[in-house]
Every structure is written in C-alpha cells, then in structure tokens.
Amino acid sequence: MIDNDPKEKSDSSSPKPTNFIRDIIDEDLKKNKYERRVQTRFPPEPNGYLHIGHAKSICLNFGIARDYNGLCNLRFDDTNPSKEEVEYVDSIKEDVKWLGFDWGYREYYASDYFDQLYEYAIQLIKKGVAYVCDLTGDQIREHRGTLTAPGKESPYRNRSIEENLDLFERMKNGEFPDGSKTLRAKIDMSSPNINMRDPIMYRILHEAHDRTGDKWCIYPMYDWAHGQSDSIEKITHSICTLEFEDHRPLYDWFVDQLGIFHPQQIEFARLNLSYTVMSKRRLLQLVEEGNVNGWDDPRMPTICGLRRRGYTPESIRYFAERIGVAKRENIIDVALLEDSLREDLNKRVLRTMAVLKPLKVIIDNYPDEKVEMLDAINNPEDEKMGTRKIPFSKVLYIEQDDFMEEPPKKFFRLSPGNEVRLRYAYIIKCVGVVKNPATGEIEELHCTYDPETKSGSGQSQRKVKGTIHWVSAAHTVNAEVRLYDRLFNVENPSGDDWKNFINPASLTILSNCKMEQSLINAKKQDRFQFERLGYFCVDYDSMPANLIFNRTVTLKDTWAKIAKSS
RNA sequence: UGCCCGGUGGUGUAAUUGGCAACACACUUGACUCUGGAUCAAGGAAGUCUAGGUUCGACUCCUAGCCGGGCAGCCA
C-alpha cells in the first residue's frame, strides 16, 4: 500500500528510497555477503554540536538499518582527548534521540577498544609491519614526500621486532615525552596514495581522557582506530563522507593484516545547504565571534538550533529522504528544507491570529461596549482539531502591512474607501485615516462594518478580494516575536571572505505584537500558525509574563512575490 | 601536474542496469478560496561535460580529452 502522506514517507511501510548505497546492500544481500546481515553506525567525534549535515548521515545510517531489519550503533570516535569533551556526548545523544532514532544498548566508544587496539598494534609489530619511529613532526613531514614526489623511508623503519616491542611498551608506560616517538605502519613510502606512506598509528599524548582517565598516554590515530572499531562491532557497511575515500585502502590494509572482520566502507557526498555554512570550524567561529547567540541560535543549521527554531524531527527526516544520497557535490536549496517543514506543520498545527506590527482600527458604527464571540476554525486541514471562540469589538488591531493609503493595482487588502473581510468576522470599509500631524505616520484607521456580512451567517452573497487577520484590542496578550531570515546573503558563502556575506538583518525583534489571548497559556516549544504570517513557536526565553515567539518559517507569500517583482 | 572521486533541467535525485530521460523543490500561468495559506490543473526548462568508438539502439559499455572536488595534521 502506498501512503501519500509525505510526512509518513519515512516510515518503514512506505516505498524505500533508492540510492547507490542501497543498491550495494541489495547486491550484498543477494550474494549472501555478511550472512545477509546489515549493520551500520553513526560515528561522531564528541567535539562539537551536530548539524543538519549530520542529520543526513543519521537518517541514512539508521534508516538503512530500519529498512533492512538491521542495527545501527551509536559510536563516539573519542580518540583525541585534547579536543573532545563529555558535554558534546550528551548533546549528541539528545539530538539523535530527538530526531527519532534509537540505538538501544549499542552506545559505544572508540575508547572502549583502546586495549584491543593496543593488542592489535602488537600483532602488527610482531608481524614486522609496524615500527616505532623517532622522527620529529617536521622530519616526518619531510620524509612523507609530496603529492607528486615519493617519500623517503624513516631511518627507524628497520628496527628489530624486539626493539619495537620494547619501545612501544615504554611509550605506553609513559617513559617518553609527547611527540618524541610514534608507532607507524610499515607500508610503502612511495605509494601514490599518501595515506599509505607509513601512516602514524599511535602518538604520545600525556593527557587524561574523559573515559579512560590517565590510563593511557598513547592514543590511537583516527585512521588506526576507526576501521578496527567498525570491525570489532561487526559493522557490515561503514558509511562515511567522501574525504575518507582515499583512506579506504589503508583501512582495508589494517583489517587484512590483522585478519579480522572486514566491513565495507561506502562514501557519500556531505550535505551543503544554500545560504548557510556547515563546517564545524565556521559554525564555531560564528558562535565565538558573536554573530549568533550560541550553538542553538535559531539561525544556526545545528540540530539544536533547528529545534529551537521550531523545526520538527519529522520534517528533518522527510527532508533527509528528499535530498537523496549520491557522490557528487551538491548544494541543496534551503527552500526544500522549508517546504519539508511547511508540509508537516500545515497538517498538525493550530491556527491562531496574531498581529505583529499593530495598526489600530476603530469601527465607527459598532457599539462601544459590545463584544461578540465569533467562531474560528483551529485547523482547516484537520476538522478534528475543532473550533474556538474569538472576541470581536469596536477597537481592533490589524497588520500595518495590510493597509496602504495608495494601493498598487493588485493590492487586495485595506485602503481608503475599500473593503476587506476581517477573518471570521465582518466586511469592513475604510472611511478615515488619522495621521500624526508632525510625522505623517498613520496612527489609526476609521472603518465601518456591514452587520449583514457576519462570518458564517450565510446572509451575505457579497464577496471581497481580501481577507485579513486582526485581534480585538481589549482582548490581546502582548508578545515579543523574533523574525529570522537567512544567515547569509549569498547561496554559497565560501572562500576566506565568507564572513563578509553575513546577512546583517538575519534577526529582527518585534516587541509590541498583539496576540489572541489564548496564547497566554502557550508552553515552551509549542507551535502555532499565525494566520497569513507563518509558523511560530514559543522560545526557550519565553515567560508567561513575557511571551516570546520565534518565527519558524513564513507561509508561502504570493503577494510578497508580486510586490517584489513590480 | 601523482593518486582517488565525480559531471543528467535553476537545484537535488532517478532511469527496470543497453530500450521513448522521470520525480521533487524552485519558477510561470490558471482554477478555487473567509489564510494572497492549503488544494487542484497546466506550462517552460536538461537530450545527459566534449569528441570519437561498440551496438538495431548508449545517461548507461570502451577510448581520449575537458571541467569540478578531495588528499602532503602526531585532527577527524
């Protein structure tokens, strides 16, 4: 059965996405490779916050495990204690969980394998394919050669096995200072693949590790740890990004030398999103230099930023599915992310009316003290969400943008002498404009209403072009609204001058917004559609006495397009 | 100028593995509408980086180019 509801498409009941990785797995299954078992893993380094690019990888790895009745591990690649911190472990777990994935008991750490890795290293030394090298960092670089010239062999390359064993043990025991020695694989200094030119397996680092304390003063390099970690966990398909493609021969070499389980690495192109940056380094810079207010700033493409912005896990999963997986470089239009979000929110979110930039309207022919309770629909997409009552009275607020003194041709909203419908209320006509004599600013509008046009009365056949939202002035709750726009002004902010493209107007704070009173009970993270404006959620900073909403995403705005093009 | 990878509408991803290039977003137009939302309908847009070759037939296979990306951390 095919389910056409897009937000359900990430469920296992729906047709599976097709991509080259799944093709490979299908092929492996057909050939009975790995005894028809599928196991993946998501292997973050706990040195930063997860972003939407990681979400792609998470959805890929967990999604494949789900669809193939396999398993997906969460493994922290914590091989460098000088760069990693426990706080990141917690945030990563929270984000993966929030995205809707469950790694069960399979929470692993590369540091869990330090003993095993050490044993493996001894095996390679005994086999004569690993050696302790005394070259300094500079010397190692010199010996490595260049992209076009082969390297030179280290003078320490042919130490005896006994000496290597002894030295390596003493490295482990902390007898040598940082950087004085390394353990290297003995492969081929003239290999065209630089990764094969006797890569470093262990470095000396007298530094405590978050999980192993001060047990170790040698730490495995990523290249030495990663493949074996996958092997130890019996990962069948090690899915990673393109930059590790050149490392695959090395990983293959290690597991083959060791004669242990051989996972298959498959590389895919990382996600790039238009109008933002994705590298940890750049995101960190934005945070540290105060261009945003922290990692969870709603403008950030981090998972915690998107969450605070009001994104749903469903929308991110749907997005991840829609962008596909391939090996070519890509920049995904952020409009696709926004579309995925709207698709989800449109169906589930409560409608309400809120006026962001209020303009006072007085209905001259409406009784002074009268208050009518009118029926409003909570969600036209979902009848089950019911209706609510909203108060109507003589003094209202409408949106400043919904009035123009001199309207252009296609402007369907309010203007002098013209009519609009007030949503769920009456048709009104603008009969007067009051301006501040000094500034010329419009201060209030005088209108008349047509009692025959009450919403739902069915008595009036009259139709007007425009319908606008409003709130009754005496029945509002004030709020702050934070409007977010793209962080950068260019699609691809790359190069050294990337920071020059930061959008200075990426955040606009509106502090005198008038909301339907029911919103006073809104809880943090609650989501709403403010009719005709967009989707909004309650920010973490919000307090009952000081409501704060984030604009998650605008509604599609045909008028904005018309206005812009003319 | 070494090795590895990639090149299909504006963007992204497909193409039963050699059989009429499809889907989504974006864009345009129209219908409908008490959200200029949603929905629905229509449309423009690639002949698959180039040149050869194999074949009845090539996005797909072969050859040679061109263009883009990655790699010279005791980072991951």
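For clarity, every value in this text was computed on a predicted model and none was experimentally measured. Hydrogens, waters and symmetry mates play no part in the numbers below; they use all other heavy atoms, side chains included.
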> For residues 554-566 of chain A, which residue pairs qualify under salt bridge (Lys or Arg N to Asp or Glu O under 4.0 Å), counting only residues two or more places apart or in two chains?
Replying inline: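 Passing the test, one end in residues 554-566 of chain A: no pairs.
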
> Nucleotide by nucleotide, 5' to 3', does protein get under 4.0 Å of the base (B), only the sugar-phosphate (S), or neither (-) in nucleotides 23-33 of chain B, counting heavy atoms?
Replying inline: -SSSSS-----

>> For nucleotides 65-76 of chain B, give me one character per nucleotide, 5' to 3': B if any protein heavy atom sits under 4.0 Å from the base, S if the only such contacts are to the sugar-phosphate, - if neither.
In response: ----SBBBSBSB

Just to be sure I understand the rule, does [X] reach a base, reach only the sugar-phosphate, or reach nothing, if contact means heavy atoms closer than 4.0 Å?
| X | value |
| --- | --- |
| A:I323 | sugar-phosphate |
| A:R351 | base |
| A:T558 | sugar-phosphate |
| A:V325 | sugar-phosphate |

>> Measuring only the C1' atom in each nucleotide, how far is B:G18 from B:C62? A whole number of Å is fine.
In response: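 One C1' to the other, the span is 14 Å.
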
>> Taking ring pair (Phe, Tyr, Trp, His ring centres under 6.0 Å) as the definition, give me every residue that meets it alongside A:F319, ordered by chain and number, with sequence neighbours left out.
In response: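 A:F319 satisfies ring pair (Phe, Tyr, Trp, His ring centres under 6.0 Å) with no other residue.
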
> With sequence neighbours excluded, what pairs up with A:F392 under the ring pair (Phe, Tyr, Trp, His ring centres under 6.0 Å) test?
Replying inline: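 A:F392 satisfies ring pair (Phe, Tyr, Trp, His ring centres under 6.0 Å) with A:Y366, A:Y426, A:W470 only.
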
> Looking at the side chain of A:N346, which of B:A14, B:G37, B:C5 is the nearest nucleotide?
Replying inline: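 For the A:N346 side chain, the nearest candidate turns out to be B:G37.
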
>> I want to confirm an ordering. Mapping A:Y426 and A:Y535 to their closest nucleotides on RNA chain B, which one lands closer to the 5' end?
In response: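 The answer here is A:Y426.
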
> Is there a Watson-Crick or G-U wobble partner for B:U39 with both distances under 3.5 Å, and if so, which one is it?
Replying inline: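 Partner of B:U39: B:A31.
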
>> Checking base pairs now: Watson-Crick or wobble, both atom distances under 3.5 Å. What partners B:A22?
In response: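 Its partner is B:U13 (Watson-Crick or G-U wobble, both distances under 3.5 Å).
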
>> Tell me the interatomic distance from A:I266, atom CD1, to B:G6, atom P, rounded to whole angstroms.
In response: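 Atom-to-atom, A:I266 to B:G6, this comes out as 13 Å.
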
>> So, using side chain to side chain contact (heavy atoms under 4.5 Å, CB included) as the criterion, who are the partners of A:N193 when residues are at least two apart?
In response: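 Partners of A:N193 by the side chain to side chain contact (heavy atoms under 4.5 Å, CB included) criterion, ordered by chain and then number, come out as A:S191, A:N195, A:M196, A:D246, A:P249.
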
